[in-house]
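The structure appears below as structure tokens.
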Amino acid sequence: MAETYSDGTTTDGTGEGFLNDRTLKWVGVAGSALFTLVIAAFLAYIVVVQVNFALLVEVFQPQFVDALYTVLTVVVVGSVLSVTAGVIVGLARVSKTTFTRSVAKGYIEFFRGTPLLFQLAVVFFGIPALWPSGQFPFQNFAYPAAIIGLTLNHAAYIGEAIRGGIESVPDGQMEAARSLGMSYIQSMREVVLPQAWRNALAAIGNDQVILVKDTSLLTFIAVPELISFFRNVNSTNFDAWTPLLLVAIGYLAITVPMGMLVRYLEARADPAGRGDR
Amino acid sequence: MSDSAERTESESASTERDGQSAESARAAGTERPLLEFDEIDKYFGETHVLKNVSLDVPDGEVCVVIGPSGSGKSTLLRCANRLEEIQSGEIRLDGQSISAKDADINRLRQRIGMVFQSFNLFPHKTALENVALAPRKVKGMPKEKANERAADLLDRVGLSKQKGSYPNQLSGGQQQRVAIARALAMDPKVMLFDEVTSALDPELVGEVLGTMRDLADEGMTMMVVTHEMGFAREVGDRIVLMADGEIVESGEPKQFFENPETERGKRFLSRLL
Ligand SMILES: Nc1ncnc2c1ncn2[C@@H]1O[C@H](COP(=O)(O)OP(=O)(O)OP(=O)(O)O)[C@@H](O)[C@H]1O
Ligand SMILES: [Mg+2]
């Protein structure tokens, strides 16, 4: 493309000045090459010089595996619950009843407008404080608090994604379904939501990747996840890079397949091959 | 065609003989109009869009609604299956109120098919699934049976080869014929058509009008909003001219097109030429 245009007879905009289309392309390639080189050299240095392999093997099992398993469990449960709750929030957000709509709007405003860390603090410290001291019935409240906090928070984001998805389905779809005698619920379930879901999938996928990364905040309420793992190994062994390498691998091992899952779901939700529509 | 012509004759005859009309109408099988608009008013906010409109559509009639843009034609059709609420008056299907607060609208809508200008096919479903969906979900028809019927309906509108196609793989004319089949799948008593050929390329208009003509020939009661005057004239049993939210003239096509009674009618026709 770039060649055809800059080699062509066009007189302005492409062939003039220092940064024409052809040089831009080479600046891009050179920049990327330089970047790759620097990162590769840095990683090689870290892996060869900084990482202590004996320690790496030692902490891999059970500490690292346990931490990864904890993150995975929280992510799976949190995903299922937050997507489910998010669909409900999204439906409430487009309700024809002003009251329902306002409640959903308030919910979304609150959970998107305050930090997740604050919300976790409310659940983990605030809720047990409502009981007389020592009488809170849960022994290990960290996990339930983590799930509750992540679900409430991400349901707000997913609710917005679903709302956007529903609103981008033309009104004529609901009207056509209703005019056939289908109820509001049937029309939503069979006609509007499948399309809204397809429209919202990219945004939902984004949010779920953020949910994975948000589990790092759970170290604050003493859930033994990957950052807690790092802190333990780091403070007992005075080694930063060995646990850091494992932590990076741990997060990517979840987020990369998750991205692939979202793309698979997008393809499956688009049987007509409509591409971006 | 001859069928519907006969019907119109007997109707106009019965309205002339006012007093005994009920009797003779019953004999002709039209004791009451199938679809009745009874002094309805429709507002959008402050705008008065339908003004005290009354209209009776007898069983088997093809009622063609024409009129300038913004005159309320679409709104009239949309009120008939309650996609819009009316503020006063009543709309009845076979004597049952559609507009009443407590009307069982999902049940009534099954008997009123609607076809839209923009097709509104379900893009995530094949042609066959589009047609079979409502019978399955609303009537609880088993999948096999619903698919079989959907296939028959698609054959009927000339789309036997397109059953497995998604809407975006079909031409506008084909999509609109799927939409007609989809509406027919609920066995409606009345079909409403709102400018169903307006979004089509000119060369695709004919196939859709042809499908509608076949329906009319089979005796379907139809309300058709259209700009296709040829169709109005040939297939219509009655022409209803709307302007500014009112019905300003209503009559048989031949009479309306050759010798309109009202000033508005004359002006509307002169603008078409
Ligand atoms: N949803 C709406 N909200 C507010 N006003 C509306 C709405 N729909 C229609 N109207 C108004 O109602 C009037 C009648 O509209 P309608 O669509 O029924 O006209 P029409 O005869 O179908 O016109 P056209 O030939 O352009 O389709 C117009 O003045 C229009 O602006
Ligand atoms: Mg219209």
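Residue numbers begin at 1 in each chain, while the letters A, B, ... track the order of the sequences.
With chain A as the partner, the residue from B:Met186, B:Arg182, B:Gln169 showing the most heavy-atom pairs under 4.5 Å is B:Arg182. Between chain A and the options B:Ile105, B:Thr126, B:Leu192, B:Leu133, heavy-atom pairs under 4.5 Å are most frequent for B:Leu133. Across A:Pro194, A:Gly181, A:Ser183, A:Gly172, the residue that shares the most heavy-atom pairs under 4.5 angstrom with chain B is A:Gly181. With chain A as the partner, the residue from B:Met114, B:Arg78, B:Arg111 showing the most heavy-atom pairs under 4.5 Å is B:Arg78.
Remark: B:Arg92 engages B:Glu90 in a salt bridge, criterion side-chain N to carboxylate O under 4.0 Å. Salt-bridge check for A:Arg93 with A:Glu160: passed, with a basic side-chain N closer than 4.0 Å to an acidic carboxylate O. Under 4.0 Å is where a charged nitrogen must lie from a carboxylate oxygen, and between B:Asp155 and B:Lys161 no such pair does.
B:Leu121 touches chain A through its backbone: at least one of N, CA, C or O sits under 4.5 Å from a heavy atom, while the side chain does not. Contacts between B:Phe116 and chain A at a heavy-atom distance below 4.5 Å involve the side chain alone, from C-beta outward. For B:Ile112, the part lying under 4.5 angstrom from a heavy atom of chain A is the backbone only. The contact between B:Lys125 and chain A is made entirely by side chain atoms (from C-beta outward), counting heavy-atom distances below 4.5 Å. For a residue to count as touching a neighbouring chain, one of its non-hydrogen atoms must lie under 4.5 Å from one of that chain's; by this rule B:Arg107 does not touch chain A. Within the 4.5 angstrom heavy-atom criterion, only side-chain atoms of A:Gln186, from C-beta onward, approach chain B.
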